[in-house]
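What follows is a single structure, written as structure tokens, with notes after it.
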Amino acid sequence: MLRPIPTKRKLDDLRNYTIVGADIPETEIFRSDALIQSLSESPRSIGCIYYYDDTGSALFERLCNEPSYYLFRAEQEILTHHAKSVADMTGPASLVELGAGNAQKTTLLINAFMENHGPTSYAAIDVNRSILQKAAENLLSMRPDLNFTGIVGVYQTGLQQAATVTGPKLLVCLGSSVGNMYDDELRDLLHQVRSLFAPGDYFLVGIDLDKSSDILEAAYNNQSAILTNLCVLQHLNWRFDGNFNVFQFRHVAFHNKPLRRMESHLEAVQTQFVRLDKLGFSFFLEKGERIRTEIMRKVVICDFSKIFMNHGLSLVHHWTDHAKRCAICLFEVVNM
Ligand SMILES: C[S@@+](CC[C@H](N)C(=O)[O-])C[C@H]1O[C@@H](n2cnc3c(N)ncnc32)[C@H](O)[C@@H]1O
């Protein structure tokens with residue numbers, strides 16, 4: 001007899017989920033004062049938060065499937081082999097994830113926690129509401145007993161909400177998202193984590209290890225990476241009524257070896273006058289001038305763990321993929 005094909009359950013049929021913060025005005029998430037400031041500085045830059053409207057989130061998923069973009073597969077490999085060890089080391093904990101995206105890799109962690117420790121709650125923080133709904137739908141169709149909360153907002157506000165959960169917590173940040181932070185942003189995040197979390201809580205962090213320029217530059221110069229970068233301008237156009245002409249920019253991504261990071265830029269191929277009408281902001285961009293759109297730090301574990309230790313986060317263990325391209329580090333919140 002033929003078995004009926006299981007159909008994916010719709011989010012509305014699933015009970016254990018909440019999405020909070022969906023009513024936060026997007027002007028509080030995509031703050032125009034910060035954008036105007038970064039576009040006025042020399043060199044100009046755009047915060048990497050502007051990668052993530054619905055189109056950008058879909059393009060990020062596509063990037064993760066590019067053969068040269070090893071980061072997703074490396075973290076997936078690590079969690080496939082070691083998620084259970086993470087659950088063993090931390091003991092039962094509520095999971096909170098920064099920049100969860102579609103939470104595809106987190107499924108491995110959630111499964112390990114539920115198998116080791118029984119009912120588990122998971123709070124996913126992200127600026128993109130739609131991707132949180134997708135994460136909820138994927139996770140709950142596999143684990144209907146998971147207690148899922150989506151928190152729409154930036155890391156700072158999301159963390160404040162998530163920290164109110166009682167009991168031990170495991171904060172998670174995958175996809176090398178900490179690598180997108182400048183020094184001061186990383187310091188501020190770690191300071192906030194240390195002030196909101198208690199000794200005995202943990203922080204699991206995915207990082208991209210320093211490696212040859214060839215591998216790095218291939219990962220950030222494939223078709224999906226180029227599209228993702230250019231789409232930042234389209235995001236600014238629809239959000240702020242802008243006139244960026246995407247065809248007058250070229251994608252530039254290179255390994256900045258002295259600063260141990262990859263950088264993505266958009267270079268103007270001709271002089272242009274840019275307006276963001278909703279912000280009442282405009283500027284001239286010279287031919288050849290670049291706007292930096294993202295940094296991606298490439299890390300040496302001992303340097304990185306020192307920064308965490310300075311904020312009361314002690315490295316307990318780290319795991320790498322077989323090619324040693326990426327690492328996932330488990331830090332414990334300790335008394336300072
Ligand atoms: C590099 S992707 C990683 C997604 C997922 N964690 C993974 O490893 O595949 C970064 C995610 O963080 C979200 N994000 C970026 N900046 C953020 C911020 N400042 N606050 C909250 N979420 C942010 C994006 O919407 C995106 O889903």
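Keep in mind that the numbers below use all heavy atoms, side chains included, and drop hydrogens, waters and symmetry copies. When a ligand or atom number is given, it counts from 1 through the structure's own listing order.
- Listed by chain and number, residues touching ligand 1 at under 4.0 Å (heavy atoms only) are I49, Y52, F60, E97, G99, A100, G101, K105, D126, V127, G153, V154, Y155, L174, G175, S177.
- The side chain to side chain donor-acceptor pair (under 3.5 Å) test applied to Q270 returns no partner, not counting sequence neighbours.
- Cation-pi check for R239 over F30 is met; the charged atom lies under 6.0 angstrom from the ring centroid and within 45 degrees of its normal.
- With D210 as the fixed residue, the side-chain hydrogen bond (donor to acceptor under 3.5 Å, both in side chains) test singles out one of R260, K298, K257: R260.
- Within a 6.0 Å sphere centred on NE2 of H191, heavy atoms belonging to other residues, nucleotides or ligands number 12 at most.
- Other members of the hydrophobic cluster containing V252, listed by chain and number, are F254; membership follows side-chain contacts under 4.5 Å among ILVMFWY residues, whether direct or relayed.
- Annotation: side chain to side chain donor-acceptor pair (under 3.5 Å) contacts of Q223 (sequence neighbours excluded): R62.
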